[in-house]
Amino acid sequence: MGDSSTALRPDRAPLVAFLVANVVSICGTRVSAIAIPWFVLMTTGSPFKTGVVALAEMAPLVISKAAAAR
């Protein structure tokens with residue numbers, strides 16, 4: 001198979017750092033998609049305001065996906 005020293009060679013360090021940073025970034029994006037509407041719900045108690053925030057948060061994603069499908 002190969003020894004473990006070939007998996008983390010110095011020339012692969014930038015790639016590994018990029019992939020780790022990308023995973024952290026994606027996780028943060030996914031957590032904020034839940035945390036921000038939840039924060040609004042807990043602070044205001046209004047499901048309507050929570051829905052507005054969730055809509056505002058997801059609208060750019062939906063629009064960009066729809067535009068890319070054309």
Side-chain angles (χ1 to χ4, degrees):
M1 287 270 177
D3 58 6
S4 63
S5 65
T6 59
L8 295 175
R9 292 189 331 225
D11 60 337
R12 292 188 184 176
L15 175 62
V16 171
F18 170 74
L19 293 175
V20 168
N22 198 19
V23 167
V24 169
S25 174
I26 290 170
C27 287
T29 301
R30 300 296 184 231
V31 167
S32 71
I34 296 170
I36 294 171
W38 187 14
F39 174 74
V40 170
L41 181 62
M42 292 295 111
T43 56
T44 66
S46 170
F48 177 75
K49 290 179 182 178
T50 302
V52 170
V53 168
L55 175 68
E57 193 173 32
M58 290 294 143
L61 178 65
V62 172
I63 292 169
S64 65
K65 293 278 185 174
R70 291 183 193 195

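Given the structure is predicted, the values throughout are model-derived calculations rather than measurements. Excluded from the calculations below are hydrogen atoms, water molecules and symmetry mates; all remaining heavy atoms, backbone and side chain alike, are included. Throughout, residue positions are numbered sequentially from 1 according to the sequence presented.
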**Asked** Is a side-chain N or O of Thr29 found less than 3.5 angstrom from the main chain of Ser25, in a donor-acceptor match?
**Response** yes

**Request:** Measure the spacing between CH2 of Trp38 and OG1 of Thr43 and express it to the nearest 0.5 Å.
**Result:** 12.5 Å

**Asked** What are the two closest heavy atoms between Glu57 and Ala33, and how far apart are they?
**Response** OE1-O, 3.3 Å

**Complete:** Heavy atoms of Pro37 and Ser32 approach each other most closely as CD-O, 4.0 Å

**Residues forming a side chain to side chain contact (heavy atoms under 4.5 Å, CB included) with Leu55, sequence neighbours excluded** = none

**Lys65 and Leu61, any side-chain heavy atoms less than 4.5 Å apart** = yes

